[in-house]
Amino acid sequence: QTLTDRYAELQNQAQAFKDSVSSYDTAVEALKTLEQGTEEYSTALTKANDEAKKLIETYGLFDKYTMKDGLIKIDE
């Protein structure tokens with residue numbers, strides 16, 4: 001594998017990570033606009049937790065999260 005190919009691969013991996021973090025952040029931000037206990041909140045909470053699980057499993061963040069009010073929070 002050439003250095004150029006490896007560099008492109010690393011760029012793609014970094015972009016995938018940034019996209020995953022952005023999806024999680026967007027899902028968490030959506031919760032802030034909803035009333036806890038509603039069906040919409042529950043749906044948004046599930047989406048945020050699904051995004052968190054993807055990050056945890058894909059990037060091995062098993063010791064980098066906490067749970068608060070049912071939300072998986074990725075520790076920064």
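It should be emphasised that the depicted structure is a prediction, and the values quoted were computed from it without experimental measurement.
- Looking at every heavy atom in both residues, Gly70 comes nearest to Asn49 through O-ND2, 2.8 Å.
- In this structure, Phe17 and Leu55 have side chains that are in contact, with non-hydrogen atoms separated by less than 4.5 Å.
- Across every non-hydrogen atom of Ala16 and Tyr59, the tightest pair is C-OH, 3.6 Å.
- Counting non-hydrogen atoms of other residues, nucleotides and ligands closer than 6.0 Å to CD of Glu35 gives a total of 12 or fewer.
- Looking at every heavy atom in both residues, Leu61 comes nearest to Ile74 through CD1-CG2, 4.3 Å.
- Here the shortest heavy-atom pairing between Ala48 and Ala27 reads CA-CB, 3.5 Å.
- Here NZ of Lys47 is found 8.0 Å from CG of Asp50. Values are rounded to the nearest 0.5 Å.
- Counting heavy-atom neighbours within 6.0 Å of Phe62 CZ, excluding the residue itself, gives a total above 12.
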Could you walk me through whether Leu45 and Tyr41 pass the side-chain contact (heavy atoms from CB on, under 4.5 Å) test, one step at a time? CA-CA 6 Å; Leu45 180 62; Tyr41 184 90; 4.3 Å; yes
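- The neighbour count for Gln15 CD, taken as heavy atoms of other residues, nucleotides or ligands under 6.0 Å away, is above 12.
- In the displayed structure, Tyr65 atom OH is contacted under 6.0 Å by at most 12 heavy atoms of other residues, nucleotides or ligands.
- Atoms CG and OG1, from Leu31 and Thr43 in turn, are 10.5 Å apart once rounded to the nearest 0.5 Å.
- Considering CD of Gln36 and OG of Ser42, their distance stands at 10.5 Å, rounded to 0.5 Å.
- In terms of modelled atom types and a separation under 3.5 Å, the side chain of Thr26 and the main chain of Ser22 share a donor-acceptor contact.
- For the pair Glu51 and Tyr24, the tightest heavy-atom approach, listed with the atom from each and the gap, is CB-CA, 3.8 Å.
- Across all non-hydrogen atoms, the minimal contact from Glu40 to Leu34 is O-CD1, 3.6 Å.
- Annotation: the span from Thr46 atom OG1 to Leu71 atom CG amounts to 10.5 Å, rounded to 0.5 Å.
- Under a cut-off of 6.0 angstrom, the local environment of CG in Leu3 is sparse, with at most 12 non-hydrogen atoms contributed by other residues, nucleotides or ligands.
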